[in-house]
Novice: 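After the structure tokens below, expect a handful of questions from me.
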Amino acid sequence: QVQLVESGGGLVQAGESLRLSCAASGMTFSSYAVGWFRQAPGKDREFVAGKSWSSGRTYYADSVKGRFTISRDSAKNTVYLQMNSLIPEDTAVYYCAARSSVVVTTSWLSYDYWGQGTQVTVSS
């Protein structure tokens, strides 16, 4: 019943921007921590950004700090990942995830709910 639906991926050139969306149904984000992860072919799933819904605190991987921004729209029960200055190394399938805690973690193993993933491809 709980479902996270991701959208916004696509093919862009280096230097361009994308905004990913993750909308929740069957639950609300108000008591959850939300994370964005990505996985490139042959690589481990990697933490990208996270947000505690209740506190509003945000966290970013060093590789995306200053380029990506995680934000929320409480009325729409939706979390966003704004990705600017994209580089080819950002190419991956991006997933949103949630855990029933106010604490953000960087381990994908600790998250309870996952979206289906959306492909982001950055060409040079």
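Residue indices begin at 1 and follow the sequence shown. Scope of the values below: all heavy atoms of this structure, side chains included, with no hydrogens, waters or symmetry mates. None of these values were measured; they are calculated from a predicted model.
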Novice: Could you walk me through whether Tyr95 and Arg45 pass side chain to side chain contact (heavy atoms under 4.5 Å, CB included), step by step?
Specialist: CA-CA 9 Å; Tyr95 301 89; Arg45 190 165 298 186; 3.9 Å; yes
Novice: Which pairs of donor and acceptor atoms, one on a side chain in residues 19-37, lie under 3.5 Å apart (sequence neighbours left out)?
Specialist:
from, atom 1, to, atom 2, distance (Å)
Thr28, OG1, Ser30, OG, 3.3

Novice: Would you mind listing every side chain to side chain donor-acceptor pair (under 3.5 Å) that reaches into residues 1-16, with sequence neighbours excluded?
Specialist: none
Novice: Is there a donor-acceptor pair closer than 3.5 Å between any side-chain N or O of Lys51 and the backbone N or O of Arg57?
Specialist: no
Novice: Assigning hydrophobic clusters by single linkage (Ile, Leu, Val, Met, Phe, Trp, Tyr; side-chain heavy-atom cutoff under 4.5 Å), is Leu109 placed with Tyr59?
Specialist: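 Linked, Leu109 and Tyr59 end up in one cluster.
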Novice: May I ask you to test the Arg67-Asp90 pair for a side-chain heavy-atom distance under 4.5 Å?
Specialist: yes
Novice: Under the rule for salt bridge (Lys or Arg N to Asp or Glu O under 4.0 Å), what residues qualify as partners of Glu46, not counting sequence neighbours?
Specialist: Arg38
Novice: Is there a side-chain contact between Leu86 and Phe68, using heavy atoms and a 4.5 Å cut-off?
Specialist: yes
Novice: Rounded to the nearest 0.5 Å, how far apart are OG1 of Thr91 and CG of Leu11?
Specialist: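 With rounding to 0.5 Å, OG1 (Thr91) is 8.5 Å from CG (Leu11).
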Novice: Report yes if the side chains of Ile70 and Val79 come closer than 4.5 Å at any heavy-atom pair, otherwise no.
Specialist: yes
Novice: Evaluate the side-chain proximity of Val48 to Met83: yes if any heavy-atom separation is below 4.5 Å, no if none is.
Specialist: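 Heavy-atom side-chain distance check fails, nothing below 4.5 Å.
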Novice: Once side chain to side chain contact (heavy atoms under 4.5 Å, CB included) is applied, do any residues pair with Lys65, and if so which ones, sequence neighbours excluded?
Specialist: Tyr60, Asp62
Novice: Could you check if a side-chain atom of Val120 sits within less than 4.5 angstrom of a side-chain atom of Leu18, using non-hydrogen atoms only?
Specialist: yes
Novice: Does any pair with a residue in residues 102-113 pass side chain to side chain donor-acceptor pair (under 3.5 Å), and if so which ones, sequence neighbours excluded?
Specialist: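 Found Thr105-Ser110.
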Novice: Looking only at heavy atoms, what is the nearest atom pair of Ser17 and Asn84, with distance?
Specialist: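 That would be OG-OD1, 2.9 Å.
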Novice: Linking Ile, Leu, Val, Met, Phe, Trp and Tyr by side-chain heavy atoms under 4.5 Å, what else ends up with Val103?
Specialist: Val102
Novice: Between Gln82 and Tyr80, is any pair of side-chain heavy atoms under 4.5 Å apart?
Specialist: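 No. Closest side-chain heavy atoms not under 4.5 Å.
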Novice: Specify the closest pair of heavy atoms between Ala92 and Ala40, including all atoms of both residues, with the distance to one decimal.
Specialist: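 Scanning both residues, the minimum pair turns out to be CB-N, 3.8 Å.
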Novice: When you measure from the side chain of Thr78 to the backbone N and O of Lys76, does any donor-acceptor pair fall under 3.5 Å?
Specialist: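 Yes, the answer is positive, given that a donor and an acceptor are paired below the 3.5 Å cut-off.
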